[in-house]
Structure formats: C-alpha cells, structure tokens
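Worksheet: one structure, shown below.
Below, each value reflects all heavy atoms present in this structure, side chains not excepted, and no hydrogens, waters or symmetry copies.
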Amino acid sequence: MSQLKRLQSAMTAAGVEHLQIHEPATLQWLAGFTGSFGIALVTPNEGVFITDSRYTIQAKNQVKELDVIPHDPSKVIQDVVADQVKRLGAKQLAFESSASYAQVEAWRAKYDGVELVSCKNLLTDLFKIKTADEIALIKEACKLGDACMQRAISMIQVGVSEYDIGLDIEFFFRKQGAKIGFDPIVASGPNSALPHARPSERKIERGEFVTLDLGCSLDGYCSDITRTVVVSECSDRHRDIYEQVLRAEEECCAALVPGANGKDVDQLARDILNEKDLAQYFGHSLGHGLGRVVHDPGRLYHTADEPIVAGQVWTVEPGVYIEGFGGVRIEDDVVVTASGPEIITHTPKALLIV
C-alpha cells in the first residue's frame, strides 16, 4: 500500500475530510518530492500538489499519485492553494502540528470561512510504523553510517583535533552522495561529558574517552550511530563505566519486542546503570524513532507509556556523562519485528583502545 493510500485510510478512520501538508520531509514521505517548498491537499479520495515555478518540472517528474497543479505566475502561490481548498469544498482543514502560529494565521487569512485544526497524531502514528520499503532504505543509510564510523575511528590518535575528524565525517557522506543527518559529534576527554558536544579545535590526548555520534540522510531516510573509544591507555574507571553502558545498551536492544512498553525499556537502562551508581549521570531519553528525519516520532523515556510495535525503528543510546572526567554513549538502530529486534548498525561495540 502506498503512503498516500495509508494516509487516506487513516483519514477516513479519523473522520478527517481535508488535510494540508507543508513540511518538506512529509512531502517526500508522501509523494517522493525532494524540493524545499510544496503544499499537498489530501482528501480520502483525491489529492493535489502545488509548488512554485522553481519546482514545476521536478514535481511533474517526482509526484505520481497526486495531481500537480500548475502555478499561475500572475498569482501569489498561497492564492493558488486557496483556490484548490475552495474547489475541494473544505469547511474544515487539518494541518501538520509542526506549523507555526504565524503560518496558521497566514492560512486563515487566505482560506475564507475554513476552520483550521491540527491533525494531532494522524501523521505521527503513521510515521512510527515503517513499511518494508522504508526499512530497506533505513538499512542502506545504516550501512553508510557504519562505513563512516569505521573511517572516523581509524582517524583517532593523539594530537588529532576533533574538528578534523568532524570535517572528514561530513566529507565522507557528501562524497558517497548522502547528506549529513545532523551535525556530527566528535567529543574527546572532558568534552565527551557533553551529550551534544560539537567538534572543537581541542586535540585528542592519551587516556581519555572519545565519543563519535554520526549519521546520514540517504534517499530520504536516516541513520544514527554512536561509538565511544579510549585513547592509548585505559584505566579501571574507564573500563567499568564503559562495560556498564554497553550492558545497558545490549539488554535494552534485546528488550525491543512487540508488546513491551517504551517507558519500561528506558527504565531497564537506568536500573542497569544504577547497579554501579551511574544512573545519576544519564539524563536524556534512551532513544527515539528513526526514519525520514533523525528524530522521528516516538521516544523511549519514562513518559513514553506506549507499546512497542512491529515495524517501528528505534535508536537505543544509553550514556553516562561525568563532568570533568568524560562520558560514554553507545548507540544502535533497531528494527522491531514480529520475531524480535533486528539491530541494523553493525560497527563492533566491544571496548576499543585505539
């Protein structure tokens, strides 16, 4: 079933008669359109796609299931959209919940007499369950992520700057025809205690952790992988922390089975870390959904009281961050299947001293 048919079926079930989509990532998910601007209007029975003159030819080539409406250059693009809203007979129009207040007000001024409402969970529920085609694309992105991780690890040595490794990560992905899924993290020594550190001019030193967190966007789908290594010499403290984080990561990956609960999987990581009084240094969620964007809908956290379902793709990334000493994070991407979890990132996780 195509994404359009899935969406139309969900709209019918939810009683939504008219839906507007404007986010580029959602348009790519729905229609395969890779431009930076477009608006789709969808009903349970039809759909139209409007873009401006920059993307007219591209839209005709990429958008197959929606009727592409030519842009009359004598009209403001939003007036063209308003004409289609009127033609479709919309009295109430749902929109993506990511829309800003300013966007909604601009639409309200154009769509005379149309009630605008947020579509809430309609789209996010669809995003959480991936099709077989989507999973195949995520796996390809993970293969490239693994290749990049292996290259980045090979660059780690005393005297090399975080910034140099970060640049090489970006160059590697670009050279392979992918985009960076997010700004890569290269964090050494005390910087590794910062969960979202950015590469700096700091040079790597002996006897410290280096954390690498990277991922790409390939053909519209993302990967996200993290590994931590120790440089030259490893203390007992390095080893103890690393091994406990690794155990938490592996057991939580194994716990991603249909019927499990997201908050329970997150708590499992904290219970394991707490065996060595390390849970106090783990502040973020255990993981998030992964798909057309790096942070796709869904979280593994104490507030995530939702069942794990086959077809979901999750990151699992427990971490320990100790100010002044350093930190460890280990992250894999995991597909939930009817028979259990499938880990789709494959860079080795055993403690590595480089």
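Clustering of Ile, Leu, Val, Met, Phe, Trp and Tyr side chains at separations under 4.5 Å places I129 together with V309. Grouping Ile, Leu, Val, Met, Phe, Trp and Tyr residues whose side-chain heavy atoms lie under 4.5 Å apart, directly or via other members, places I272 in a hydrophobic cluster with L268.
A donor-acceptor pair under 3.5 Å links the side-chain atoms of T315 to the main chain of H288, judged by distance alone. For the pair H295 (side chain) and R299 (backbone), a donor-acceptor distance under 3.5 Å is absent. Between the side chain of E134 and the main chain of T131, a donor-acceptor pair closer than 3.5 Å is present.
For F172, there are no ring pair (Phe, Tyr, Trp, His ring centres under 6.0 Å) partners two or more places apart in sequence or in a different chain. Not a single ring pair (Phe, Tyr, Trp, His ring centres under 6.0 Å) links F182 to another residue, sequence neighbours left out. For E208, the salt bridge (charged side-chain N to carboxylate O under 4.0 Å, His left out) partners are R202, not counting sequence neighbours. Remark: F33 pairs with F49, Y55 by the ring pair (Phe, Tyr, Trp, His ring centres under 6.0 Å) rule, at least two apart or across chains. Partners of E243 by salt bridge (charged side-chain N to carboxylate O under 4.0 Å, His left out), not counting sequence neighbours: none found. The salt bridge (charged side-chain N to carboxylate O under 4.0 Å, His left out) search around K64 returns none, not counting sequence neighbours. Contacts of H22 classified as ring pair (Phe, Tyr, Trp, His ring centres under 6.0 Å), with partners at least two apart in sequence or in another chain: W107. With sequence neighbours excluded, no residue satisfies salt bridge (charged side-chain N to carboxylate O under 4.0 Å, His left out) with K86.
S2 and E65 form a side-chain donor-acceptor contact under 3.5 Å, judged by distance and modelled atom types alone. In summary, the side chains of S118 and S97 do not present any donor paired with an acceptor at a separation below 3.5 Å, with no hydrogens or angles considered.
Scanning all heavy atoms of the two residues, the minimum distance from I156 to I165 falls at CG1-CD1, 3.9 Å. The shortest non-hydrogen separation linking G319 to L273 is O-CD1, 4.2 Å. Of all heavy-atom pairs spanning I204 and S188, the tightest one is CG1-CB, 4.0 Å.
Residue pairs meeting the side chain to side chain donor-acceptor pair (under 3.5 Å) criterion with at least one member in residues 325-337, sequence neighbours excluded, are D213-R329, T226-E331, R227-D332, Y321-R329, D332-T345, D332-K349, T337-S339. Screening residues 249-278 for ring pair (Phe, Tyr, Trp, His ring centres under 6.0 Å) gives no qualifying pairs among residues at least two apart or on separate chains.
A salt bridge does not link R174 to E170: none of the charged side-chain nitrogens sits closer than 4.0 Å to a carboxylate oxygen. Electrostatic pairing of E342 and K139 counts as a salt bridge here, judged by a charged N lying under 4.0 Å from a carboxylate O. With respect to R87 and D83, no salt bridge is recorded, no charged nitrogen being found less than 4.0 Å from a carboxylate O. E162 has no carboxylate O lying under 4.0 Å from a charged side-chain N of K203, or vice versa, which leaves the two without a salt bridge. A salt bridge between K128 and E306 is present, with a side-chain N of the basic residue lying under 4.0 Å from a carboxylate O of the acidic one.
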Candidate pair Q267 and Y301, rule side chain to side chain donor-acceptor pair (under 3.5 Å), full reasoning: CA-CA 8 Å; Q267 186 59 49; Y301 199 41; over 6 Å; no
Worked check of salt bridge (Lys or Arg N to Asp or Glu O under 4.0 Å) between E96 and K120: CA-CA 7 Å; E96 291 180 86; K120 296 182 179 178; over 6 Å; no
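Inter-residue side-chain proximity for K143 and C148 is flagged as unmet; no heavy-atom pair is nearer than 4.5 Å. F127 is listed as a side-chain neighbour of T26, based on a closest heavy-atom distance under 4.5 Å. Put simply, the side chain of P318 reaches to within 4.5 Å of the side chain of L286, judged on heavy atoms. Between R151 and D168 there is a side-chain heavy-atom pair separated by less than 4.5 Å. Using a 4.5 Å heavy-atom threshold, the side chains of V313 and D296 count as separate. Residues L27 and E23 fail the side-chain proximity criterion, which asks for heavy atoms closer than 4.5 Å.
Annotation: F37, atom CZ; neighbour count of heavy atoms from other residues, nucleotides and ligands within 6.0 Å is above 12.
Relative orientation of the F209 and H238 rings is perpendicular, given thresholds of 30° and 60° on the angle between their planes.
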